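Because the structure is a prediction, the values reported are computed rather than measured. Lettering follows sequence order; numbering is per chain, from 1.
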Amino acid sequence: MQLFNTLTRKIETLQPLNPPHVNLYTCGPTVYDYPHIGNWFAYIRWDSLVRTLLASDLKPDWVMNITDVGHLVSDADEGEDKLEKGARREDKTAWDVAEFYGNYFVQGLQRLNIVMPGRITKATEHIAEQIELVQKLEEKGFTYVISDGVYYDTSKFPRYRDFARLDIEEQQAGARVEYNTEKRNPTDFALWKFSPKDRQRDMEWDSPWGKGFPGWHIECSAMSMKYLGSTLDIHTGGIEHIPVHHTNEIAQSEAVTGKPFSRIWLHSNHITVNGEKIAKSAGNGITLEDIESRELPLAALRLHILESHYRSQSKFSWESLEAAQNRLNGLQAMAALRWQPVTIDRDESAAIKTTALAILADMQNDLNSPAALAKLSALQNHLETALLSASELEAFEHFLSLLDNLFGLGLMNQPDVSVQQKQLIAERQTARDTKDWPLSDQLRDQLADQGIAVRDTAHGPIWYKI
RNA sequence: GGCGCCGUGGCGGAGUGGUUACGCAGAGGUCUGCAAAACCUUGUACACCGGUUCAAGUCCGGUCGGUGCCUCCA
């Protein structure tokens, strides 16, 4: 398995510390609002990673967090807590907001047929672990306290800028945002924030430094190390996390353990909608509900996403989603062939197996799903030309099974047509044999009303669902 | 302003120096009772200008354009 490692900016071979286990941590959502397709985009990517690991006989131990406290409106620890803000918007408590959108997110994973992480951990359920980690940092002299919280002194961690490869001094000189001037360095970040003195937060806890709540970054370090150990095999997240969130995770984790925090870092690029980035201010945050209201299956979104590479910036438009749906329909027509092998003297099981291996190899090559789908199309066209012989059925079903394991499109979920429908297909063929075209066409219309299309081949009628 | 990324046919999207993946859509054709599917053909695709090379979409430099993070938002 080859993966592009952000740490080295190179393609590397995955070498798990404890094979066949692969310790995998994914930065999950901040649950304060409905996710849009840009959010889901990343999780479908990591689903591909996990599915490829599984298909490669590896055992991913996958932990994903849910940020339900501490993520401030600005990633640079300024502004208010997103959860508290969401609570005010909806006239609920932050706890209610976290509960609602947390559940909604997990249901979304299921709706998108994303492999469920082994553990989904909530920041609010790991406050003690986070306090403990801050204490360790304090013991090692990485922290200092100012009026609004406990901060990490990034100047004490010489490798701080290595991960993002940014010239921090230059960057800050041009930044158009003001930062808390009490901080020793512009890049210093909060480990623990104090509750405001003038009002009570919905979410706050006692700590050795005073009542407050954990900083955004510390949760990922605390939870990933608790469940997966001090060195991860793979840590994933969106590219926006490279300069701040992941840089900070590395700084605080490695300062405590003295070991590499993660051996491989994977980052997924973003998706644009009609050429523009998805942003609250642009109002282009398409949701799963928007897709379903247009009667497009979520599997089409999945396929659309897999048509581009996870490190490329991808484009979304309704037109391209419909194109993906048409492609999906074609794949389902191919999958329907497994219910209707024909009698021909031919066996290309070997070709099917070769394609299966090539597709798996593409996915193992830094999740090259577009290349894998191209190989799939080549075989698909071939099979539909020649149809499927009974001798090829076993290899074909294994093939479909692999496709479903890798891509999660549910090609094998499609059932056979009913006995009655088979009867109609047979009657239509009889009508054709006797050249009773009106009856034949009437039966075809009847089947179409039931969502079944029929095409006539040299080997008899073949159905597929429309 | 700093640090990046990208510019491929109508749309989307791969391309690891050497017969222009693939998908969707379009045109013509073969086949077909009709249809569908499939197949064949077709569209002067590699932003522009230099350079390296026997050979460049692919490497190097520059120009123009777009875009990402730092700044609500993944």
How far, in whole Å, is [M] from [N] if one measures between their [atom1] atoms?
N	M	atom1	value
rG4(B)	rC40(B)	P	46 Å
rU19(B)	rA55(B)	C1'	13 Å
rG23(B)	rA14(B)	C1'	11 Å
rC39(B)	rU44(B)	C1'	26 Å
rA21(B)	rG2(B)	C1'	38 Å
rC48(B)	rG57(B)	C1'	14 Å
rG10(B)	rG17(B)	P	28 Å
rC60(B)	rU53(B)	C1'	12 Å

Using a heavy-atom cut-off of 4.0 Å across all strands, would you classify [X] as base, sugar-phosphate, or nothing?
X	answer
Lys375(A)	nothing
Ala374(A)	base
Phe41(A)	nothing
Leu376(A)	nothing

Stem list for RNA chain B, please, built from Watson-Crick and G-U wobble pairs under 3.5 Å and keeping only runs of at least 3.
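Paired runs of 3+ in RNA chain B: B:1-7 with B:64-70, B:10-12 with B:22-24, B:26-30 with B:38-42, B:47-51 with B:59-63.
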
Between [X] and [Y], what is the shortest heavy-atom contact and its length?
X	Y	value
Phe399(A)	Ala356(A)	CD1-CB, 3.6 Å
Phe189(A)	Gln252(A)	CE1-OE1, 3.2 Å
Gln2(A)	Thr13(A)	OE1-OG1, 2.6 Å

Please compare Asn269(A) and Asn326(A) by the position of their nearest nucleotide in RNA chain B and report the one closer to 5'.
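The residue mapped nearer the 5' terminus is Asn326(A).
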
Map Tyr310(A) and His36(A) onto RNA chain B by nearest heavy atom, then report which one ends up closer to the 5' terminus.
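Of the two residues, Tyr310(A) wins.
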
Protein-nucleotide distance ([X], atom [atom1]; [N], atom [atom2]), rounded to Å:
X	N	atom1	atom2	result
His246(A)	rG4(B)	NE2	P	20 Å
His245(A)	rG68(B)	NE2	P	22 Å
Arg311(A)	rC6(B)	CZ	P	10 Å
Leu379(A)	rG23(B)	CG	C1'	16 Å
Ile242(A)	rG4(B)	CD1	P	12 Å
His267(A)	rC70(B)	NE2	C1'	15 Å
Ile11(A)	rU16(B)	CD1	C1'	10 Å
Arg9(A)	rC5(B)	CZ	P	9 Å

Would you check if the side chain of Ser293(A) reaches a backbone N or O of Asp290(A) as a donor-acceptor pair within less than 3.5 Å?
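Confirmed, Ser293(A) side chain pairs with Asp290(A) backbone.
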
Identify all side-chain donor-acceptor contacts of residues 327-336 of chain A below 3.5 Å with residues at least two apart in sequence or on another chain.
from      : atom 1 : to        : atom 2 : distance (Å)
Arg327(A) : NH1    : Glu307(A) : OE2    : 2.9
Arg327(A) : NH2    : Leu373(A) : O      : 3.4
Arg327(A) : NH2    : Ser377(A) : OG     : 3.1

Check nucleotides 10-13 of chain B against the protein and report each pair of N or O atoms closer than 3.5 Å, with its distance, or say if there are none.
from    : atom 1 : to        : atom 2 : distance (Å)
rG13(B) : OP1    : Lys315(A) : N      : 2.9
rG13(B) : O2'    : Glu307(A) : O      : 3.4

Geometric cation-pi criterion Lys92(A) and Phe100(A), 6.0 Å radius, 45° cone:
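Output yes; distance and angle both within limits.
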
With Arg311(A) as the cation and Phe4(A) as the aromatic partner, state whether NZ or CZ is under 6.0 Å from the six-membered ring centre and within 45° of the axis.
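Yes, a cation-pi geometry holds between Arg311(A) and Phe4(A).
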
Centroid separation under 6.0 Å, is that true for the rings of Phe163(A) and Trp265(A)?
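For Trp265(A) and Phe163(A), the ring centres are under 6.0 Å apart.
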
Is the ring centre of Tyr34(A) less than 6.0 Å from the ring centre of Tyr104(A)?
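Here the rings of Tyr104(A) and Tyr34(A) have centres that are less than 6.0 Å from each other.
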
Using a strict cut-off of less than 4.0 Å between a Lys/Arg side-chain nitrogen and an Asp/Glu carboxylate oxygen, indicate whether Arg184(A) and Asp153(A) qualify as a salt bridge.
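Between Asp153(A) and Arg184(A) there is a salt bridge, with a charged N closer than 4.0 Å to a carboxylate O.
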
Sorted by first residue and then second, give each ring-ring contact (aromatic ring centres under 6.0 Å, His included) pair with at least one member in residues 295-324 of chain A; sequence neighbours left out.
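Residue pairs passing ring-ring contact (aromatic ring centres under 6.0 Å, His included), neighbours aside: His304(A)-Phe316(A), Phe316(A)-Trp318(A).
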
Assign the ring pair His246(A) / His235(A) to parallel, tilted or perpendicular, where the plane angle (0 to 90°) is split at 30° and 60°.
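Geometry flag for His235(A) against His246(A): perpendicular rings.
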
Classify every nucleotide of nucleotides 29-34 of chain B by which part a protein heavy atom approaches to under 4.0 Å, writing B for the base, S for the sugar-phosphate alone and - for neither, in 5'-to-3' order.
----BB

Ser377(A) side chain: which of rC24(B), rC22(B), rC73(B) is closest?
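So the nucleotide nearest the side chain must be rC22(B).
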
What pairs with Glu12(A) under side-chain contact (heavy atoms from CB on, under 4.5 Å), at least two apart in sequence or on another chain?
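For Glu12(A), the residues satisfying side-chain contact (heavy atoms from CB on, under 4.5 Å) (neighbours in sequence not counted) are Asn5(A), Thr8(A), Ile264(A).
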
